[in-house]
Participant: 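Pasting in a structure now, in structure tokens, and then I'll have a few things to ask.
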Amino acid sequence: MQVNYDGYGGKFEGRFGHIFYKAKLKSYILRFEYRFTGDQIADGPGWAFRNSGAMLICQDPKTIRKDQDFPVSIEAQLLGGDGKGERPTGNVCTPGTNIVLGGKFWTQHCTNSTSPTFHGDQWVTAEFEVRTTSTLVGQNLQSVTHIIHRINGKPVMEYDAPQLDPNDADGKVLIEAAKGENMLSEGWISLQSESHPCEFRKIELMEIR
């Protein structure tokens with residue numbers, strides 16, 4: 001699968017994109033290989049240089065506003081090196097969401113993983129495990145979600161309790177639609193288009209039951 005901008009007329013003009021899997025999932029492992037190629041399209045934002053991602057536990061694509069910047073989701077961020085400094089991949093970003101990281105409620109938008117930096121156009125294997133289980137608390141079942149990021153087979157980040165952010169405008173709308181529930185235990189998957197050409201191959205998805 002290739003993400004390129006040959007048909008954009010030479011300008012990006014903020015036209016971000018996402019391609020979604022056909023169904024909502026609760027527990028799964030997503031694995032694929034990716035690489036960045038060529039040059040970023042003119043007027044692509046600086047932060048999007050060799051930048052893409054996989055949206056995990058994403059909002060229903062039918063609920064995304066036409067002018068919404070990014071889907072409300074947990075983003076497994078994919079970055080390529082600039083040939084100079086360190087730039088880890090397999091990070092986590094949280095558009096419209098928050099997580100619990102290292103036992104602490106975490107509101108920082110993007111957090112780096114412990115992965116190495118991958119310069120050039122080399123293929124990198126990314127794997128993301130989302131596992132939701134139900135625990136009886138008193139007389140009620142409570143869902144607990146744990147997420148692991150792996151790069152080239154090695155764990156580089158783990159966190160828990162993905163949840164909608166009531167301080168985010170789009171997150172707030174989704175909380176209201178869910179009658180006040182903010183914890184995320186299921187959702188959609190998408191791959192990003194953020195202005196730098198990239199390729200995906202060997203995309204595998206295993207649902208966990």
Side-chain angles (χ1 to χ4, degrees), residues 18-32 34 52-64 68 70-78 89-115 125-151 153-168 170-192 200 203-209:
H18 295 79
I19 186 167
F20 281 83
Y21 182 62
K22 62 184 179 181
K24 179 171 59 175
L25 297 172
K26 192 168 188 176
S27 294
Y28 59 87
I29 297 175
L30 171 66
R31 182 170 61 204
F32 54 81
Y34 75 91
S52 187
M55 306 310 244
L56 313 175
I57 318 184
C58 188
Q59 75 180 100
D60 186 337
K62 294 178 181 178
T63 67
I64 299 173
Q68 187 172 327
F70 294 98
V72 172
S73 67
I74 300 298
E75 177 191 345
Q77 185 189 51
L78 308 174
T89 188
N91 310 316
V92 64
C93 296
T94 52
T97 58
N98 294 309
I99 58 174
V100 173
L101 179 65
K104 297 180 180 180
F105 183 65
W106 202 256
T107 60
Q108 182 172 309
H109 177 58
C110 287
T111 303
N112 285 347
S113 76
T114 59
S115 90
T125 300
E127 180 181 300
F128 307 105
E129 180 177 343
V130 177
R131 195 177 288 266
T132 298
T133 57
S134 296
T135 303
L136 189 62
V137 179
Q139 296 182 340
N140 300 314
L141 280 176
Q142 181 174 326
S143 293
V144 179
T145 301
H146 182 67
I147 300 176
I148 304 173
H149 295 194
R150 299 183 180 94
I151 297 296
K154 296 182 179 180
V156 296
M157 172 165 279
E158 297 187 38
Y159 50 93
D160 301 283
Q163 55 198 274
L164 298 168
D165 182 359
N167 296 314
D168 177 85
D170 293 305
K172 183 178 180 181
V173 169
L174 294 176
I175 292 173
E176 292 172 351
K179 299 180 180 180
E181 177 58 51
N182 72 323
M183 301 304 294
L184 293 170
S185 60
E186 59 182 7
W188 279 258
I189 298 169
S190 73
L191 298 177
Q192 285 188 311
F200 300 93
I203 302 172
E204 301 174 291
L205 178 63
M206 181 177 73
E207 187 170 3
I208 302 171
R209 298 184 183 276

Participant: Indicate the atoms forming the closest heavy-atom contact of Lys172 with Pro166, along with that distance.
Facilitator: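 Minimum heavy-atom separation between Lys172 and Pro166: CB-O, 3.8 Å.
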
Participant: Between Leu25 and Leu205, is there a side-chain heavy-atom distance shorter than 4.5 Å?
Facilitator: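 Yes, their side chains come closer than 4.5 Å.
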
Participant: I'd like to check His18 versus Pro71 (side-chain heavy atoms, cut-off strictly below 4.5 Å). Are they in contact?
Facilitator: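 With C-beta onward as the side chain, the pair touches.
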
Participant: So, taking the atom named CE in Met55 and the one named CD1 in Ile189, what distance separates them when rounded to the nearest 0.5 Å?
Facilitator: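 With rounding to 0.5 Å, CE (Met55) is 12.5 Å from CD1 (Ile189).
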
Participant: Please check if the side chain of Ser115 supplies one atom and the backbone of Val156 the other of a donor-acceptor pair under 3.5 Å.
Facilitator: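 Here the side-chain-to-backbone pair does not exist.
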
Participant: Please list, chain by chain and in numerical order, all residues satisfying side chain to side chain donor-acceptor pair (under 3.5 Å) with Arg31, sequence neighbours excluded.
Facilitator: Glu127, Glu204

Participant: Checking Val173 now: which residues fulfil side-chain contact (heavy atoms from CB on, under 4.5 Å) with it, not counting sequence neighbours?
Facilitator: none

Participant: Between CH2 of Trp188 and OG1 of Thr63, what distance do you get to the nearest 0.5 Å?
Facilitator: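 Going from CH2 on Trp188 over to OG1 on Thr63, the span is 8.0 Å.
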
Participant: Can you tell me how far apart CG (Leu164) and CE (Met183) are? Round to the nearest 0.5 Å.
Facilitator: 9.5 Å

Participant: To the nearest 0.5 Å, what is the distance between CG (Asn112) and OG1 (Thr114)?
Facilitator: 10.0 Å

Participant: Restricting to side chain to side chain donor-acceptor pair (under 3.5 Å), what partner residues turn up for Glu75, sequence neighbours left out?
Facilitator: none

Participant: Taking side chain to side chain donor-acceptor pair (under 3.5 Å) as the test, write out the residues that go with Gln68, two or more places apart.
Facilitator: Gln59

Participant: How far apart are the closest heavy atoms of Gly171 and Val72, and which atoms are they?
Facilitator: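 In terms of heavy atoms, the two residues are closest at N-CG2, 4.1 Å.
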
Participant: Between Ser52 and Gln192, is there a donor-acceptor pair closer than 3.5 Å when you use the side chain of the first and the backbone of the second?
Facilitator: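 Checking the backbone N and O of Gln192 against the side chain of Ser52, a donor-acceptor pair under 3.5 Å is found.
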
Participant: Could you tell me which residues satisfy ring-ring contact (aromatic ring centres under 6.0 Å, His included) with Phe70, sequence neighbours excluded, listed by chain and number?
Facilitator: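 Here the qualifying residues are Phe16.
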
Participant: With rounding to the nearest 0.5 Å, note down the distance linking CZ in Arg209 to NZ in Lys26.
Facilitator: 11.5 Å

Participant: Go through the structure and list residues passing ring-ring contact (aromatic ring centres under 6.0 Å, His included) with Phe200, not counting sequence neighbours.
Facilitator: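 Listed in chain order: Phe32.
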
Participant: Quick check: closest heavy atoms across Ala54 and Leu30, and the distance to 0.1 Å?
Facilitator: CB-CD2, 4.2 Å

Participant: Tell me, do Ile203 and Leu191 make a side-chain contact under 4.5 Å, heavy atoms counted?
Facilitator: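 Side-chain contact under 4.5 Å: yes.
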
Participant: Just to verify, what does Asp170 make a salt bridge (charged side-chain N to carboxylate O under 4.0 Å, His left out) with, not counting sequence neighbours?
Facilitator: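 So Asp170 forms a salt bridge (charged side-chain N to carboxylate O under 4.0 Å, His left out) with Arg65.
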
Participant: Taking only residues two or more places apart in sequence or in another chain, which ones pass salt bridge (charged side-chain N to carboxylate O under 4.0 Å, His left out) with Glu186?
Facilitator: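 Here the qualifying residues are Lys24.
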
Participant: Whether the side chain of His149 engages the backbone of Met157 through a donor-acceptor N/O pair (distance < 3.5 Å, no angle test) should be reported.
Facilitator: no

Participant: Say you draw a straight line from CD of Glu129 to CD of Glu158; how long is it, rounded to the nearest 0.5 Å?
Facilitator: 9.0 Å

Participant: I'd like a table of donor-acceptor pairs (distance under 3.5 Å, sequence neighbours excluded) in which one partner is a side-chain atom from residues 94-106, with atom names and distances.
Facilitator:
from: Thr94; atom 1: OG1; to: Gln108; atom 2: O; distance (Å): 3.4
from: Thr94; atom 1: OG1; to: His109; atom 2: O; distance (Å): 3.2
from: Thr97; atom 1: OG1; to: Ser73; atom 2: O; distance (Å): 2.9
from: Trp106; atom 1: NE1; to: Thr111; atom 2: OG1; distance (Å): 2.7

Participant: Using the ring-ring contact (aromatic ring centres under 6.0 Å, His included) criterion, which residues pair with Tyr28? Sequence neighbours excluded.
Facilitator: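 Residues passing ring-ring contact (aromatic ring centres under 6.0 Å, His included) with Tyr28: none at all.
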
Participant: Checking Ser185 now: which residues fulfil side chain to side chain donor-acceptor pair (under 3.5 Å) with it, not counting sequence neighbours?
Facilitator: none

Participant: Give a yes or no answer on whether the side chain of Thr132 reaches the backbone of Thr145 with a donor-acceptor pair at less than 3.5 Å.
Facilitator: no

